[in-house]
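What follows is a set of notes on a single structure, which appears directly below.
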Amino acid sequence: MAFRLYVVPVVGVGTRLDPRRPKYFQSDANGVGRTGIIDPAALYSSMDYGSDPQMIVGADLSAADDTTVAGKADVFALPFNLDVNLTQQQVNQTRTRFESSNIPAGWLSTADTWRNMARGVLGMFLFEQRADATYAQLSGSAPTSIFMDGATLDSTFGSLSATRQQAWLNAATSFNIPTDSMTPTATVRTILRTMADTLQDVPFHFGVFMV
Amino acid sequence: MAILASDDFSVGSALSGSWTQSGGPAWSIVSGRATKSSDGSDSEARWTALTWPNDQWAEAVLSSPFNGGGGLGYGVEFRSTGATTKYRLVGDNVSYELAKEVSGSFTSLGAGVAASFATGDRIYGDAQGTTITARKNTINGVGGTLITSVTDASIASGSAGIMYSAAESGNIESWQGGDFSATTGVITSGMRRYVGRNRRFTAARD
């Protein structure tokens, strides 16, 4: 039909037999027990929000599969055309959906196109991926996100554990992003947005498509 | 594209000392192919005889890839630090899966029946910055058909190698890995002459 981005929950516990994967997008053809609802021949790829249970999927689905997926209550489907501005109603809806998933969205306005929104969010996803992996290396445990530790978007950097703070510092440094924003009183929300300001300029690949 | 390491598995009955492996029983070499017993495990072997650049690729020629289910097969790994952290791409006669393992947490980045493999097909994966790419039938890391490309920042460095994921049968005929530096040499083509030195090309008319 046409390329589209979908924000979907993550399913799977994170083993090879039950991998973390985007809900609705895999089937038994991809692995025994992976119950999806779309054509297994459909091409898609996904980005996760680090260890958090959200993914953004880019896919070119059939009209029927698109209708099915986009109609799910736990799916947020972006418009096919990413180069139109959000309306105020869409700003409000997007803020509600994303903030409830620990994705900062207060920065959105009607001056933003959907592409601006997507790139801003994907930049945060990139940072969280690196930060959670870095935390796993430092702590010697499986990767987890700060939100799984009980933090919120309004938590301060100083309230995070020392290991978590170091993981965030290391992650920013690995991207050559200055760490000035990571002050004890800076909020998670502000820091993620600051990281995204730089990371949103990378090319975001979804199969043969780019955002 | 430069080839930094290769192995045609033509010598011995086990992987050479250039490889470091983990997971399940050791890889073996049978009839000039790297293979694993079908023990349902995951097993990787990464080339550790050199320090890999962060931007790297790995390509393997598959033989008799066959499975009864998706998400399994033989393939390649890159930016691997061992059993629990890597990007991996496996394929069989039905499907493929591109995935990441981060300190033991397994995430499928893309999978499906859109790409499958037969004897002689090449499976290729690379990591350039935050872009992770899977291709089929590249030659020395070049060309081929794009299977999928994703953006991911979880793993920044590691080694390239080979991968086995609970395949019912199959093996790897040969493997090579490399980076994206320009090869040094002189290429003459039509109206222009290109001379490559240390990643810089200058064009001059003949």
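Model, not experiment: these values are computed from the prediction. So that the names make sense, note that chain A is the first sequence line, chain B the second, and so on, each numbered from 1.
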ask   = Where does B:Thr130 contact chain A at under 4.5 Å (heavy atoms): side chain, backbone, both or neither?
value = side chain
message = Heavy-atom cut-off 4.5 Å, strictly under: side chain, backbone, both or neither for A:Ser174 against chain B?
response = neither
remark   = Turns out that what part of A:Phe127 lies under 4.5 Å from chain B's heavy atoms comes down to neither
key: Selection from A:Leu122, A:Val202, A:Leu126 maximising heavy-atom pairs under 4.5 Å formed with chain B   = A:Leu126
note = Between the CZ atom in A:Arg16 and the CD atom in B:Glu97, the distance rounded to the nearest 0.5 Å is 9.5 Å
ask   = With a 4.5 Å heavy-atom cut-off, do A:Asp48 and B:Lys100 have their side chains touching?
value = yes
key: Atom pair OG1/CE of B:Thr131 and A:Met210 - distance to nearest 0.5 Å   = 7.5 Å
task = List the atom of B:Ala111, the atom of A:Tyr44, and the distance in Å for their closest heavy-atom pair.
result = O-CE2, 3.6 Å
key: chain A neighbours within residues 116-128 of chain B, where any heavy atom lies under 4.5 Å away   = none
task = Under 4.5 Å heavy-atom distance to chain B, tell me which part of A:Val208 shows up: side chain, backbone, both or neither.
result = both
ask   = So which part of A:Met55 gets closer than 4.5 Å to some heavy atom of chain B, the side chain, the backbone, both or neither?
value = side chain
Contacting moiety of A:Ser141, where chain B heavy atoms sit under 4.5 Å = backbone
ask   = Listed by residue number, which members of residues 142-157 of chain B have a heavy atom under 4.5 Å from any heavy atom of chain A?
value = B:Leu146, B:Ile147, B:Thr148, B:Ser149, B:Val150, B:Thr151, B:Asp152, B:Ala153, B:Ser154, B:Ala156
Flag for A:Arg21-B:Ser108: side-chain donor and acceptor within less than 3.5 Å = no
task = State the CG-OG distance between B:Leu109 and A:Ser45, to the nearest 0.5 angstrom.
result = 8.5 Å
message = Does any backbone or side-chain atom of A:Phe204 lie under 4.5 Å from a heavy atom of chain B? Answer side chain, backbone, both or neither.
response = both
